[in-house]
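In listed order, ligands and their atoms are each counted from 1.
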Amino acid sequence: MLPKNETNSGFICAHCGEKVSPAVVTARNHCPHCLWSLHVDENIPGDRAATCGGVMEPAAIFQKHGEWVVIHRCLECGKEQPNRCAEDDNFETLIDLTQNSDG
Ligand SMILES: [Zn+2]
Ligand SMILES: [Zn+2]
C-alpha cells in the first residue's frame, strides 16, 4: 500500500520498467512512456483508495475540451477510469492508441 498523502510521487512503471518522475502540474497516475497505469485510485484520480493494485492498460483515448483523456482498464478487476494525459506523455504512443481504438 502506498501512503495516502503521496499523490504525486515518482514510481517505476510496472509495464515498461521506466523510472517515472513526479509530474510538474498534476498528480501523475500513469507512465508517460507507455501510458499504462496501476489500479491504485478508486473514485477520484489521486485518492489512492483502491486495494486492487492491478496493472491498467490504456484502452481508449479521446479529446475533451482540447485535452487528451485516456481510458485505463484494469486487467485484474476490469474497472475503467478516465484520466487526463500529462504534458510530457509520449505523443506517439498516444496517437497509436487513437488509431487502434476504432478497430
Ligand atoms: Zn511504462
Ligand atoms: Zn483493479
Side-chain angles (χ1 to χ4, degrees):
M1 278 291 281
L2 293 162
K4 285 206 172 196
N5 58 351
E6 294 271 324
T7 55
N8 193 21
S9 51
F11 60 92
I12 304 287
C13 176
H15 183 66
C16 71
E18 287 280 347
K19 191 170 184 293
V20 181
S21 54
V24 181
V25 195
T26 63
R28 172 94 71 198
N29 62 12
H30 58 266
C31 174
H33 307 287
C34 67
L35 305 184
W36 284 58
S37 185
L38 275 181
H39 189 182
V40 291
D41 298 334
E42 191 55 43
N43 296 310
I44 313 158
D47 68 9
R48 300 296 192 264
T51 52
C52 176
V55 290
M56 299 184 84
E57 65 169 346
I61 196 152
F62 60 91
Q63 261 190 315
K64 187 180 178 185
H65 306 305
E67 286 184 321
W68 288 99
V69 178
V70 57
I71 306 289
H72 283 122
R73 182 168 55 216
C74 181
L75 299 187
E76 292 294 323
C77 71
K79 182 183 173 69
E80 293 189 352
Q81 182 151 303
N83 284 296
R84 270 173 56 198
C85 289
E87 282 186 11
D88 56 353
D89 281 352
N90 187 317
F91 199 68
E92 282 180 24
T93 309
L94 206 138
I95 293 301
D96 279 351
L97 281 167
T98 67
Q99 288 165 352
N100 292 340
S101 63
D102 227 336

Compute the angle centred on the Zn ion (ligand 1) spanning SG of Cys16 and SG of Cys31, and express it rounded to 10 degrees.
110°
Where the Zn ion (ligand 2) is the centre, what is the SG-to-SG angle for Cys74 and Cys52, rounded to 10°?
110°
Polar side-chain atom of Thr93 near backbone of Leu35 as donor-acceptor pair, under 3.5 Å
no
Counting backbone and side-chain atoms alike, is an N, O or S atom of Cys13 positioned under 2.8 Å from the Zn ion (ligand 1)?
yes
Which atom of His39 is nearest the Zn ion (ligand 2), counting N, O or S only? It is ND1
For the backbone of Pro32 and the side chain of Asn90, can you confirm whether one donor and one acceptor N or O come within less than 3.5 Å of each other?
no
Under a plain distance cut-off of 3.5 Å, with no hydrogens placed, do His72 and Asn83 share a side-chain donor-acceptor pair?
yes
Verify the distance criterion only: is there a donor paired with an acceptor across the side chains of Asp89 and His30 at less than 3.5 Å?
yes
Any sub-3.5 Å donor-acceptor pair from Ser37's side-chain atoms to Met56's backbone N or O?
no
The Zn ion (ligand 1) contact by His15, N, O or S atom under 2.8 Å
no
